[in-house]
There are 2 protein chains.
Amino acid sequence: MNIGEAAKASGVSAKMIRYYEATGLIPKAERRTSGYRDYSPADVHNLRFIRRARDMGFAVAEIHELLGLWRDRSRHSADVKRIAAAHVEELSVRIAAMEEMRSTLQTLIGCCAGDDRPDCPILADLEEPGVAVRPDAQARLRERAIANRRG
Amino acid sequence: MNIGEAAKASGVSAKMIRYYEATGLIPKAERRTSGYRDYSPADVHNLRFIRRARDMGFAVAEIHELLGLWRDRSRHSADVKRIAAAHVEELSVRIAAMEEMRSTLQTLIGCCAGDDRPDCPILADLEEPGVAVRPDAQARLRERAIANRRG
DNA sequence: GATGGGGCTTGCCATCATGGGAAGGTCAAG
DNA sequence: CTTGACCTTCCCATGATGGCAAGCCCCATC
């Protein structure tokens with residue numbers, strides 16, 4: 001199987017398959033005499049696992065761990081569960097941050113006439129926070145914005 | 001005011017102040033004879049606006065627009081409202097994507113014994129989606145994961 | 001057998017906002 | 001005058017992904 005066929009069959013782009021190989025997430029592919037990479041159904045199976053894990057929002061580093069456990073027949077399901085739970089926790093932190101942003105903005109939008117006059121509580125709040133939002137909410141917003149940017 | 005003082009007063013790191021200047025988000029700072037940048041309270045005011053907008057999750061390009069409207073005394077509040085509403089919509093899309101990931105994972109985690117045995121529905125689902133998640137949910141998950149990665 | 005189009009190779013660049021670090025100039029306090 | 005803290009510019013890295021370009025390979029069609 002060419003890389004293009006493997007890409008179509010797995011849902012992972014050819015570009016990303018090469019990237020995963022270069023970064024060691026997957027082993028180096030077999031090569032034909034032409035230099036073309038050659039993939040087996042088992043390779044595609046691997047790639048589909050990766051694709052699915054990406055769809056769940058796992059980072060490549062986490063997928064590396066998950067792949068190791070997947071291959072390890074003497075794994076402990078507790079190890080898998082721990083990784084998944086950590087990821088859920090991270091998702092929750094980011095969701096909370098974004099929900100807080102959204103809530104703040106929705107409040108401000110609700111106060112904005114949205115007409116051809118210049119008066120705008122949205123700009124007013126950006127200029128001087130607290131006109132429309134309570135101070136304690138601001139502090140949390142700030143912290144979570146930072147956490148979210150990192151994650 | 002030195003850049004370090006402006007950074008402390010605005011909550012924007014010195015590094016980012018230089019970056020914003022280089023990319024044209026803020027005008028080039030005045031310089032002392034030594035070559036040091038020199039900031040006025042008005043500059044700090046600008047930076048705090050930017051900082052606050054970043055905390056709300058606005059991208060720098062959006063902040064560029066917002067700054068323009070902020071300066072424009074003949075602005076229409078409708079323009080500000082439109083930008084904010086678009087951002088809320090984008091946040092909503094990303095929140096929905098992450099909530100779906102989280103929900104799927106939570107279901108799987110709930111089915112995982114988390115002990116020293118290898119059997120693991122989490123790995124099973126990554127390997128062969130649908131064992132624990134309905135197919136229509138998978139399709140949405142996939143699409144939203146893509147949208148989320150882009151955003 | 002030649003030719004053309006599509007697929008493959010590598011390598012480099014860009015994204016977006018942010019931090020890190022090095023090499024060298026400046027300032028202020030002791 | 002020295003020392004340490006601050007400033008300057010420039011380069012590099014992040015994470016996962018796409019794009020582009022030069023050049024090679026494969027297959028089908030003429």
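The chains referred to below are lettered A, B, ... by the order of the sequence lines, with proteins before strands, and numbering in each begins at 1.
Rounded to whole angstrom, the span from the OH atom of Y39(B) across to the C1' atom of dC6(D) amounts to 14 Å. Atom CG of D38(A) is separated from atom P of dG7(C) by 17 Å (rounded to the nearest Å). Across the protein-nucleic acid pair, R54(A) atom CZ and dG15(D) atom P stand 12 Å apart, rounded to whole Å. With rounding to whole Å, K8(B) atom NZ is found 14 Å from dC7(D) atom C1'. Between the CZ atom of R94(B) and the P atom of dC16(C) there is a distance of 13 Å, given to the nearest Å. In this entry the distance linking CZ of F58(B) with P of dC16(C) reads 17 Å, nearest Å.
Comparing E5(B) and A59(A) along DNA chain D, the residue whose closest nucleotide (by nearest heavy atom) sits nearer the 5' end is E5(B).
At distances below 3.5 Å, not a single donor-acceptor pair connects side-chain atoms of E100(A) with backbone N or O atoms of A97(A).
Contact of the F58(B) side chain with the L105(A) side chain is registered, since non-hydrogen atoms from C-beta on lie closer than 4.5 Å. In this structure, the side chains of I26(A) and D43(A) stay at 4.5 Å or more apart for every pair of heavy atoms. Counting heavy atoms from C-beta outward, W70(A) and V80(A) have side chains that stay 4.5 Å or more apart. Residues I50(A) and L66(A) have side chains not in contact (no heavy-atom distance under 4.5 Å, counting atoms from C-beta outward).
Heavy-atom distances under 4.0 Å link DNA chain C to S13(B), K15(B), M16(B), Y19(B), Y20(B) of residues 13-25 of chain B, given in residue order. For DNA chain C, the neighbouring residues in residues 30-37 of chain A, judged by any heavy atom under 4.0 Å, are R31(A), G35(A), Y36(A), R37(A).
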Q: Carefully, step by step, assess R94(A) and I95(B) under the rule side chain to side chain contact (heavy atoms under 4.5 Å, CB included).
A: CA-CA 9 Å; R94(A) 292 166 61 180; I95(B) 288 168; over 6 Å; no

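Salt-bridge check for E21(A) with R37(A): passed, with a basic side-chain N closer than 4.0 Å to an acidic carboxylate O.
In the model, D115(B) has a side-chain atom that pairs as donor or acceptor with a side-chain atom of S77(A) under 3.5 Å.
For CZ of R32(A), the number of neighbouring non-hydrogen atoms (other residues, nucleotides, ligands) closer than 6.0 Å is greater than 12.
At the phosphate of dC6(D), neither OP1 nor OP2 sits under 4.0 Å from any side-chain N or O atom of N2(B).
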